[in-house]
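Worksheet: the structure to be examined is printed underneath.
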Amino acid sequence: MKHPRSWIWLGLVVQWLGFAYDIVWHGFIRPDFEATTVRGMVHHLGTVHVPLYLGVALTFLAAGWALIDHVQHGAHGIGIPIAFAGAVIQVIGEGWHASSHLHLSTHVGPLTFSLSFLGMLIVLGALLFSGHAG
């Protein structure tokens, strides 16, 4: 995979797998889980949430690479810049989510999840509607 778009797609796939794992873990494996210490939450985020975080990071890095490539080649179109903006939104959402969890607060969980998911949809839409997906 030498094209940044391919790496963006891989990042999205890793995220989807991470979302699925998160849903299964929280919904079926340990629906009663609630970390009561920061140490416990760090362990939780570093195990259950890490696939999602890796996917978000890969998407962000690949979209950044694609944006640099886009600018260096004087490419036209807004697909890649929009994909990068979506990746930034995801990083903000997941960073906020992790930060709130590390403060042992889950109040903003739905908002941070929605923000991250919106960013993922923006990346996906930008790739699909920019003319060539791979």
Side-chain angles (χ1 to χ4, degrees):
M1 289 194 304
K2 59 184 173 179
H3 299 287
R5 282 176 173 265
S6 298
W7 286 99
I8 297 171
W9 280 110
L10 179 60
L12 289 173
V13 168
V14 171
Q15 283 181 61
W16 296 329
L17 294 172
F19 274 133
Y21 178 63
D22 193 325
I23 289 167
V24 168
W25 197 91
H26 283 287
F28 301 103
I29 297 171
R30 291 288 309 275
D32 59 336
F33 175 78
E34 189 172 326
T36 56
T37 65
V38 172
R39 183 182 181 118
M41 185 56 76
V42 167
H43 181 264
H44 175 70
L45 295 177
T47 54
V48 176
H49 292 252
V50 79
L52 174 60
Y53 295 160
L54 290 174
V56 169
L58 178 56
T59 301
F60 174 73
L61 293 172
W65 173 23
L67 183 62
I68 290 167
D69 194 52
H70 180 82
V71 171
Q72 285 178 342
H73 289 97
H76 299 287
I78 60 169
I80 293 300
I82 289 174
F84 181 73
V88 169
I89 291 169
Q90 284 192 284
V91 168
I92 292 168
E94 288 304 324
W96 186 10
H97 177 257
S99 174
S100 69
H101 273 348
L102 289 173
H103 287 94
L104 301 179
S105 170
T106 57
H107 294 77
V108 295
L111 178 60
T112 60
F113 172 81
S114 298
L115 187 62
S116 178
F117 195 75
L118 173 65
M120 186 268 297
L121 291 177
I122 290 169
V123 173
L124 178 62
L127 290 179
L128 290 175
F129 295 111
S130 65
H132 51 313

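Position 1 is the first residue of the sequence; numbering continues from there.
Not counting sequence neighbours, the partners of His101 by the side chain to side chain donor-acceptor pair (under 3.5 Å) test are His97.
Under the 4.5 Å side-chain contact rule for hydrophobic residues, Leu45 and Val48 do not share a cluster. Linking ILVMFWY residues whenever their side-chain heavy atoms come closer than 4.5 Å, directly or via other members, leaves Val50 and Val38 in distinct clusters. When hydrophobic clusters are built by joining Ile, Leu, Val, Met, Phe, Trp and Tyr residues whose side-chain heavy atoms come closer than 4.5 Å, directly or via intermediates, Phe19 is grouped together with Leu121. Met41 is not connected to Phe113 by any chain of hydrophobic side-chain contacts under 4.5 Å among Ile, Leu, Val, Met, Phe, Trp and Tyr, and they are in different clusters.
A donor-acceptor distance shorter than 3.5 angstrom exists from the side chain of Ser130 to the backbone of Ala126, with no hydrogens or angles considered. The backbone N or O of Arg39 lies less than 3.5 Å from no partner atom in the side chain of His43, so there is not a single donor-acceptor pair.
Between the CG atom in Leu12 and the CG atom in Leu127 there is a gap of 6.5 Å [rounded to 0.5 Å]. Between atom CD1 of residue Ile29 and atom CG of residue Asp22 there is a gap of 10.5 Å, rounded to the nearest 0.5 Å. Rounded to the nearest 0.5 Å, atoms CD (Glu94) and CZ (Phe117) are 11.5 Å apart. Once rounded to the nearest 0.5 Å, the distance linking CZ of Phe84 with CD1 of Ile122 reads 13.0 Å. Between the NE2 atom of His73 and the CD1 atom of Ile68 there is a distance of 12.0 Å, given to the nearest 0.5 Å. Atom OH of Tyr21 and atom NE2 of His49 lie 9.5 Å apart (nearest 0.5 Å).
For the pair Leu102/Val42, a side-chain contact is recorded, criterion being any heavy-atom separation below 4.5 Å from C-beta on. At a threshold of 4.5 Å between non-hydrogen side-chain atoms, the residues His107 and Ser100 do not count as touching.
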Take Trp96 and Leu111 through the side-chain contact (heavy atoms from CB on, under 4.5 Å) test and state the conclusion after the steps. CA-CA 10 Å; Trp96 186 10; Leu111 178 60; 3.2 Å; yes
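Taking all atoms of both residues into account, the shortest heavy-atom contact from Ser116 to Gln90 is O-CG, 3.3 Å. Between Gly18 and Pro51, the closest heavy-atom pair is CA-CB, 3.8 Å. Considering every non-hydrogen atom in both Ile8 and Val123, the closest pair reads CG2-CG1, 3.7 Å. Taking every heavy atom of both residues into account, Gly40 and Ala35 meet most closely at C-CB, 4.0 Å. In terms of heavy-atom proximity, Gly93 sits nearest to Thr112 at O-CB, 3.5 Å.
Side-chain contact, Gln15 with Thr59: a donor N or O sits under 3.5 Å from an acceptor N or O.
Aromatic ring centres of His44 and Trp25 lie closer together than 6.0 Å. In this structure, Phe60 has its ring center no closer than 6.0 Å to that of Tyr53.
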